Every structure is written in C-alpha cells, then in structure tokens.
Amino acid sequence: MLSNIELGAVKMMEHRSTTILVIEDELNLLEGVRNILELEHYHVLTAENGQDALDVLREQVIPPDLILSDIMMPKMGGLQLLQEVRRERRWLTVPFIFLTAKGERVDLLKAKELGVDDYIVKPYDPVDLLISVKSRLDRHRAMREAQEDSMDGMKRSILTILNHEFRTPLTFVVAYADMLNQYVVDQLSEEEIKSFLHGVSTGADRLRRLIESFMILVELETNEAEQTYQWRKKIVTDLHSIITAARDEALSREAIAGYTCDIQVAEGIPGFVGDEEYLRRALIQLIDNAAKFSSQEKTILAGAETRDDQIRIWVKDEGRGIPPDEKANILASFYQINRAVYEDQGAGAGLAIVKGVMHLHGGWLEIDSTVGMGSTFTLVIPAL
C-alpha cells in the first residue's frame, strides 16, 4: 500500500501533466485562482480577457485540459470566447467552466445554450473551486477513455474485416487472373476460360458489395445521408416494386441465388414520405441476412401492411434466430454473433445500415426472433 507521501507524489505527477487556462480581468482574482490551482500542482496558463485567451490557446501545441473563465471582461467576454472555442475542432471537447457573479443569470442561460460544462458563483470557496475542476477533469478523462476503447474496438473490427472479408474475394480475383495470364488462351478449353472468368467475377462482385456497404455506412455516419434524403425524398406509393427490386438484387448474389423469397404486400397501403433508393438498400440487407442465416429449403417472406397509422415493411425467415441478449448488439456496425464460430460472410454492417435508414425516415426497426425458429425484421415508418 502506498504511504501518504507516495500518494501525494502520485497526485502531484498527475496534476503536473494537467494544464488549466484561467481567464480573469481582475488581476487579484486571477492571481488567487492561479495560486489555488498551483498549490494542487496543476500547470496554469493565464489571460486577462477572451482575446488574449485565444492567443494563448493558439500558441499551445496541445490544448489545455480545462478552461476556467470569467464572463464579463473587456475586449472579448466569456460568452464570445466560449463561442470561438467551440468553433475550433481541436478545442471542441475541452471542458469549460465559468466564474460568474450572482446577478448574471441571463448570461448563464446563454452559456448553457453554447455548451458550457459548469459554472462557479463568486465569491467561491477554494474547496468548491477545486471540486468542480476535478469533477470536470475526471468526467472528461472518463469520456475520452470510453471513446478510445470504442475506437479500439472499431479498429479491431475493421482490421478483421480487411483481413478476411476483403482478402478472400481479392484472392479470387488475383488467383484466377494470374491463371489466365499464365496460360495462352489457345491452350485453355472454353470451359476452363469460363471457370476462370467466373472466379474473377465472383470475387469482384463480393468486393463491390462490401465497398457499397462501407460507402452507405459512411453516408449515414456523416451529414451526407441526411442531405441526400432531404432532396431525394418523395411520396412513396408503390412498395411492391421496391420490395421486388430489392429481392431480385439480393438473390442475384451467387451465394444465395438458389433461395426463394415470396412477396406479400397488402392492398390499400397509403403513401408515405421516403427515399426509395435507401429503402431498397435496407431491404436488400434484410433479405440477404435472411438467406445467410437460414437454409435454402426454407422460403423467405417479404411484405408490407398498414397498422395503427404505420407502414410496416417486413422480412421473415425460418433460420437460426437471435439470442435475446444479442438483439441490441447486432445493430452495431461491424458486429456479428460469434463470427469466429459461424464464419459468416459479410462485414456485419447490414443491420447498422437498416437502422440508419430508418432514422432518416423518422421510423425504427423492430426485431422479433426465436432461437432455432427464425426472425422477422420490420421497418416501421409513419404513414401520411
């Protein structure tokens, strides 16, 4: 167990690596805050107004870990400083605390709109100041660590996909192309040439589908999909054609070409606002999943109906089913249930794409599944 002296030394080293920028136009207060923080072994930068604070921030190779600022200051006040800080990408996540007088309630409301993390009312107790600073630093550190863990998981998923899902079809393309290059065409039979070309085509098609999935995910993770939806949306009335087109494209993939998908669209489905292309893409993912996780002898069903002023578009299979504790996980990007055990093809992006498409439409995805009996995935969209 560490002694009190050793614990103090650890605390000192942690705080020495923590930089706080303090902005205050009253020099006595500025010096007082600085002393309080330096007694706790924080590294302190200072500025007397918002404009000077921006100059200090721009001089730092690494942004400070926290900003502590007065509101009322000459040249540039705290509210304008907060706006400028939040506009700069590299300062966007830096915790920001205001030092404020009791009568500045209107300013505080504006500060909350701009994204201030906390405020301390003057006159303040040094202990309250230190607690507020520490809590915001700890919170920021925990969020950063969680984000890093999430990014590490994403990186591992992408590396797994690159290692397996991209390498396998690339091997098809390269290997069969090499074989074609190694032989004089006259020495090959027509059947051999067709076989080699078929191998190249199979690998290329699988690569194309993977790349398309990644591209749609990128669109959905950025504002691009929302912008596309806004200018492409219209009143959708012909669901049968959309579902049929999705089925035909999904079953054109060689791996599931022998599967059957029947379509059952109810009469009298009202129109709704939507993007036909994004809906078709979502249904392709669902039909592809249904085939992937069920046997060729089982018929897949796809259809649509109206219920409780909602358009419900569904895909049903009689396949493997989903364990109850996995239902939330399967909507995440690049996630597959027991990938190493089942060795399922695909990037694990399908349901993440479906979820994103439903978000664009102001709807949601419902999942009804029983292990060993099959699953029904339903797109729920508000009717007009």
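Note that this is a predicted model, so its numbers are computed, not measured.
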Notebook entry, point to check: Under 4.5 Å between any side-chain heavy atoms of Thr18 and Leu137, yes or no?
Noted result: yes
Next item on the list: Please assess Asp70 against Lys122 for the test salt bridge (Lys or Arg N to Asp or Glu O under 4.0 Å), listing each intermediate value before the final yes or no.
Entry: CA-CA 10 Å; Asp70 190 16; Lys122 303 175 186 176; 3.1 Å; yes
Checklist line | Over all atoms of both residues, closest heavy-atom pair of His140 and Thr93 | finding: CE1-O, 3.0 Å
Check: Can you check whether Val85 reaches Leu92 side chain to side chain, under 4.5 Å on heavy atoms?
Finding: no
Note to self: Measuring only between side-chain heavy atoms, which start at C-beta, is Gln310 closer than 4.5 Å to Trp364?
What the structure shows: yes
Next item on the list: For residues Glu48 and Ile23, report the shortest heavy-atom separation together with the two atoms involved.
Entry: C-CG2, 4.3 Å
Checklist line | CA sep, side-chain torsions, deciding dist, call: Arg280, Glu276, salt bridge (Lys or Arg N to Asp or Glu O under 4.0 Å) | finding: CA-CA 6 Å; Arg280 185 175 66 86; Glu276 292 186 358; over 6 Å; no
Next item on the list: Could you tell me whether the side chain of Leu220 reaches within less than 4.5 Å of the side chain of Leu360, counting heavy atoms only?
Entry: yes
Next item on the list: Have a look at Phe96 and tell me which of Leu21, Leu66, Ile67 forms a side-chain contact (heavy atoms from CB on, under 4.5 Å) with it.
Entry: Ile67
Checklist line | Pair Arg139-Asp65, salt bridge (Lys or Arg N to Asp or Glu O under 4.0 Å): steps then yes or no | finding: CA-CA 11 Å; Arg139 173 65 174 162; Asp65 298 281; over 6 Å; no
Notebook entry, point to check: Would you say Val380 and Met358 make side-chain contact, with heavy atoms under 4.5 Å?
Noted result: no
Item checked: Heavy-atom side-chain contact between Thr306 and Pro270 under 4.5 Å -> yes
Next item on the list: Just do the salt bridge (Lys or Arg N to Asp or Glu O under 4.0 Å) check on Arg307 and Glu305 with the steps written out, would you?
Entry: CA-CA 7 Å; Arg307 188 193 308 167; Glu305 61 183 358; 2.9 Å; yes
Check: Once you round to the nearest 0.5 Å, how far does CG of Leu251 lie from OH of Tyr259?
Finding: 10.0 Å
Notebook entry, point to check: Looking at Tyr278 versus His361, is the centre-to-centre ring distance below 6.0 Å?
Noted result: no
Checklist line | Side chain proximity check, Glu318 to Thr299, heavy atoms < 4.5 angstrom | finding: no
Margin query: Ignoring hydrogens, what is the shortest heavy-atom contact between Ile311 and Ala383? Give both atom names and the distance.
Written below: CD1-CB, 3.9 Å
Next item on the list: Compare all side-chain heavy atoms of Asp368 with those of Thr378 and state whether any distance is below 4.5 angstrom.
Entry: no
Item checked: Linked, directly or transitively: Val22 and Tyr124 (ILVMFWY side chains, under 4.5 Å) -> yes
Check: Would Arg281 and Glu249 pass as an ion pair if we require N to O under 4.0 Å?
Finding: yes
